[in-house]
Amino acid sequence: SNHATPQKSRRRSCVMAGAPGQASKIFGLVATGTMAAGFYWFAKPRFEAMLQPPPKPLKRLYLEEDFSASSSFSGLRPGWVFKLDHRGLGYYRDVPPE
């Protein structure tokens with residue numbers, strides 16, 4: 001009779017160490033889903049930002065006299081370029097690069 005008791009407890013421990021129960025499977029699925037959501041909301045935007053090329057540095061800072069504000073293109077002006085730059089939309093004096 002002493003010999004039968006250890007076998008029963010040994011069997012119980014084997015059953016408990018067997019395949020994962022339903023609760024363990026559900027917990028694993030919830031943890032996996034939480035990690036996926038965390039990646040989607042937090043890591044993905046940062047990862048995509050790393051893949052973008054860095055912003056172009058300003059090639060030139062224009063003085064006030066080198067800029068003429070204009071809300072739309074109103075024709076060619078010799079020596080001027082129409083564009084959007086750091087002073088806003090308008091005509092900028094076209095200076096050849098140094």
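Checked against side-chain hydrogen bond (donor to acceptor under 3.5 Å, both in side chains), K44 has no partners two or more places apart in sequence or in another chain. By the side-chain hydrogen bond (donor to acceptor under 3.5 Å, both in side chains) test, D66 is found to be paired with R60, R93, residues two or more places apart in sequence or in another chain being considered.
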task = Could you walk me through whether K83 and D85 pass salt bridge (charged side-chain N to carboxylate O under 4.0 Å, His left out), step by step?
result = CA-CA 6 Å; K83 65 179 178 174; D85 212 320; 3.1 Å; yes

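Applying the side chain to side chain donor-acceptor pair (under 3.5 Å) test to residues at least two apart or on different chains, none of the pairs has a partner in residues 23-33. Within the structure, salt bridge (Lys or Arg N to Asp or Glu O under 4.0 Å) contacts touching residues 30-40 (residues at least two apart or in different chains) do not occur.
Atom CD of E65 sits in a crowded spot, with more than 12 heavy atoms from other residues, nucleotides or ligands closer than 6.0 Å.
The minimum heavy-atom distance linking L89 with L84 is given by the pair N-CD1, 3.5 Å.
In the hydrophobic clustering, where aliphatic and aromatic side chains (Ile, Leu, Val, Met, Phe, Trp, Tyr) are joined below 4.5 Å either directly or transitively, I26 groups with V30.
A donor-acceptor distance shorter than 3.5 angstrom exists from the side chain of H86 to the backbone of Y62, with no hydrogens or angles considered.
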Show me the side-chain donor-acceptor pairs of residues 69-80 shorter than 3.5 Å, one per line, residues at least two apart or across chains.
from: S70; atom 1: OG; to: S72; atom 2: O; distance (Å): 2.6
from: S74; atom 1: OG; to: Y91; atom 2: OH; distance (Å): 3.4
from: R77; atom 1: NH1; to: S68; atom 2: OG; distance (Å): 3.2

